Structures are given as C-alpha cells and as structure tokens.
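To start, the structure itself, in structure tokens.
These numbers were taken from a predicted model, which means no experiment stands behind them. Each ligand, and each atom within it, is numbered from 1 in the order the structure gives.
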Amino acid sequence: MAKAEETVLEIDLKALGHNYSYLRSKIKTETKFMAVVKAYAYGSHSVAIAKHLQDLGAHYFAVAYVDEGITLRKGGITAPILVLHPQKVHFKTLIVNNLEPSIYSKAILSDFIAIAEELGETDYPIHLKFNTGLNRLGFSVDELPEISTLIQQQNAVKAIALLSHLAATEDPNETEFTNLQLKRFNAICKKADELFKTKTLKHVLNTSGIINYPDAQYDMVRSGIGLYGYGNEPHIDADLQPVMTLKTIISQKHTIATGESVGYNRKYKSDHKTITATLPLGHADGIGREYGHGKTYVLIHGKPAPIIGNVCMDMIMVDVTDIECEEGDEVEIFGKNLSANEFAETANTITYEILTGLSQRIKRVLIN
Ligand SMILES: *Cc1c(COP(=O)(O)O)cnc(C)c1O
C-alpha cells in the first residue's frame with residue numbers, strides 16, 4: 001500500500017474478493033449472483049469492480065441507468081447487465097448495447113416493445129419489476145394478466161425475469177412487513193408461472209436480504225453494499241472488509257492562539273492554543289458541511305483528529321493539538337481503520353450516501 005501523496009480513494013480488490021466469497025457462502029451454489037455496480041460501483045470504480053467480479057464468476061451486473069451499462073460494456077463486461085431504472089429516451093441505446101431493462105409499468109412496457117419491434121428484435125430479454133410494498137417502482141399484482149397478454153401478443157421482447165425490491169431487510173423491527181412483501185412476491189411468481197408459458201428467473205434479495213432472509217434466494221440475489229464491505233449490521237461488518245479507503249495528506253499546520261478563529265464564517269473559535277492541519281478535500285469531494293464543527297474525526301497516525309469549523313469546498317481543517325504529525329503525513333478519512341459507517345453516522349447519514357457521494361475528482365487507485 002503506497003503512501004498517499006494527494007487525496008486518493010484506494011480500492012482494494014482483494015477485499016472485494018473476500019466480500020464476494022463471503023456473500024457467496026451465504027447462498028446456495030446454484031443461486032446466481034447479481035453484483036450491483038450502479039453509481040460508479042457505490043462511488044468506487046464500476047469497470048474495475050465489475051471486471052474483477054466477472055473474473056470471480058459473478059453472473060449478472062446491475063446498474064441504475066443506461067449510460068452506466070454502456071460504461072461497463074466499453075470496459076469489457078460481457079455478462080448480462082440489468083438496468084434498474086432505464087429512461088425511455090435511451091431504450092434504443094440500451095438495446096444496441098445489449099443491456100436488459102427492468103420494466104415497471106404498462107406504459108414503459110408498450111414503449112419498450114415498440115422500440116424493440118422497430119429494431120427488428122425477437123425475444124429481447126426484459127425483467128418485470130413488481131411493487132410489493134416499497135411503493136417506488138413496479139407493476140401491481142393485478143396488472144399481471146394484462147402484462148401477460150401484452151407480452152404474448154408479440155415476439156420482440158421476452159420476459160426472462162421477475163423481480164421486486166424489499167424496503168427494510170436490515171431492520172429486525174420490520175420482519176413482519178418484509179415477510180409480507182415476500183409473500184406477495186411469491187404469489188406474483190406463482191401467478192406469473194401460470195400465465196407465462198416460459199420459465200422466468202426470480203430475484204428479490206439485496207445484501208441484508210441475503211443475510212436475514214436466506215429462504216427467499218429464488219434464482220438470483222442482488223448485492224451491492226456487502227460487496228463494498230458493509231453489511232448494515234455490526235456483526236456482518238465484522239466479517240466483511242472495506243474495499244474503499246479515502247486517504248489524503250496534511251497540506252499545512254497552523255498554531256491558533258486563544259481567541260483566534262479557523263475557516264469561513266469563523267465557525268471555530270479557539271479557547272485554548274490549538275494546532276490545526278489543513279487537508280486537501282472538501283464538500284466538492286463529497287465531504288459535506290454536516291461533517292464539520294467537531295462532530296466527525298479523521299485518523300492521523302491512528303489517532304482521531306476532529307474536523308473543526310465549516311467544511312470548505314476544497315479543504316477541511318482538523319484539530320491535531322494532541323497528535324504528533326508533520327506536513328505531508330498521511331491521513332485516513334475513512335476505510336480500513338475507520339469504518340465509513342461510523343464516519344457517516346456522525347453526520348446522521350448512512351454508508352450508502354457517503355460512498356456514492358464521493359466526487360469523480362478524487363483519484364481512484366487500485367490495490368491488490
Ligand atoms: C441498489 C439496489 C440493490 C442493492 O442493494 P444493497 O443494499 O446495496 O445490497 C438491489 N436491488 C435494487 C433494486 C437496488 O436498487
């Protein structure tokens with residue numbers, strides 16, 4: 001692991017491999033694994049992550065939007081790619097790039113069929129998404145007969161899979177609701193099997209679903225956050241390894257006399273002699289202003305250094321009064337030694353948000 005000389009996001013492919021094996025160990029050998037690599041693979045590097053997982057045997061990939069799928073194709077991903085939320089304006093490019101759409105309404109289904117017909121497709125693979133209680137995207141169960149008729153009237157597209165998404169797999173207080181969602185999904189699958197003449201793949205579980213609802217694996221699971229080293233529960237986090245470590249260096253140290261202030265709007269005022277270190281990253285890199293004002297800390301030589309004052313666009317200042325350190329020394333914002341989950345919690349948010357919000361300006365460095 002090279003010492004950082006600027007702000008970098010280190011991406012540990014060995015940790016990724018470990019997390020993939022761990023998640024695979026939780027599912028049956030015949031269950032397919034869909035790796036969710038939307039949003040730059042949760043802020044890391046979608047092509048590098050997907051390539052490594054493809055080599056390790058992941059069967060399927062998922063992205064949110066068509067452009068993300070095209071990036072994977074250009075990067076050499078040949079495995080099937082599901083686009084979770086495709087927009088009509090990109091249906092043609094979706095087909096040209098051999099991506100599979102998640103279709104969630106009759107209007108979208110008709111639009112997609114029309115474009116597939118226009119391109120002369122036959123049996124173009126689509127996934128049908130059902131709403132079982134998240135109330136975000138998806139057909140309702142009552143629409144099944146109509147969807148089935150629509151699909152059987154043509155041969156440009158073929159429903160190869162059915163999916164739904166669960167609202168609270170990580171929350172032990174919501175097991176009853178999750179079980180209700182699973183029951184609804186099961187009923188949808190049964191009904192669809194009667195209506196459709198062909199067999200479909202079924203998939204419903206995300207990372208926490210894999211951990212907490214092992215009986216609902218169906219044919220495939222969809223995992224994102226777990227691959228990157230976070231399991232939404234401390235005992236799962238303990239078995240996973242953080243893939244991303246955000247590192248930087250100390251640009252400059254300052255000695256702040258009592259009564260002086262630090263940063264914009266003078267938000268930090270020292271009531272004692274304070275030594276600060278200025279670091280080259282800020283809210284433009286994804287470290288929002290909610291991380292300022294002493295609530296969040298970073299690690300310098302293993303010791304916590306609180307972020308003080310307002311987070312600036314390109315810099316943060318940390319309190320290093322009690323830490324022996326020099327300009328140029330390495331700083332860990334979060335990752336290997338300081339969980340992104342704990343870091344996110346100091347700002348009342350979740351790992352998903354801090355990771356996916358890391359700006360593209362930060363250099364990505366692959367290790368291992
Ligand atoms: C993002 C997403 C996932 C992955 O969820 P994790 O909690 O990161 O494992 C799975 N399915 C759908 C539909 C998603 O949008």
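Listed by chain and number, the hydrophobic cluster partners of Leu134 come to none, as no ILVMFWY side chain reaches under 4.5 Å of it. Other residues sharing a hydrophobic cluster with Met317 under the 4.5 Å side-chain heavy-atom criterion for ILVMFWY residues are Ile256, Val262, Tyr268, Ile308.
Near ligand 1, Val36, Lys38, Tyr42, Leu84, Lys129, Arg136, His165, Asn206, Thr207, Arg222, Ser223, Gly224, Ile225, Tyr352 each place a heavy atom less than 4.0 angstrom from the ligand.
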### Task
Carefully, step by step, assess Tyr230 and Tyr42 under the rule ring-ring contact (aromatic ring centres under 6.0 Å, His included).
CA-CA 11 Å; Tyr230 298 94; Tyr42 289 42; over 10 Å; no
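Sorted by first then second residue, the salt bridge (charged side-chain N to carboxylate O under 4.0 Å, His left out) pairs that include residues 141-157, not counting sequence neighbours, are Lys106-Glu143, Lys106-Glu146.
For Lys88 and Asp111, the salt-bridge test passes: some basic side-chain N is under 4.0 Å from an acidic carboxylate O.
For the residue pair Thr349/Glu353, the side-chain donor-acceptor check at 3.5 Å is satisfied.
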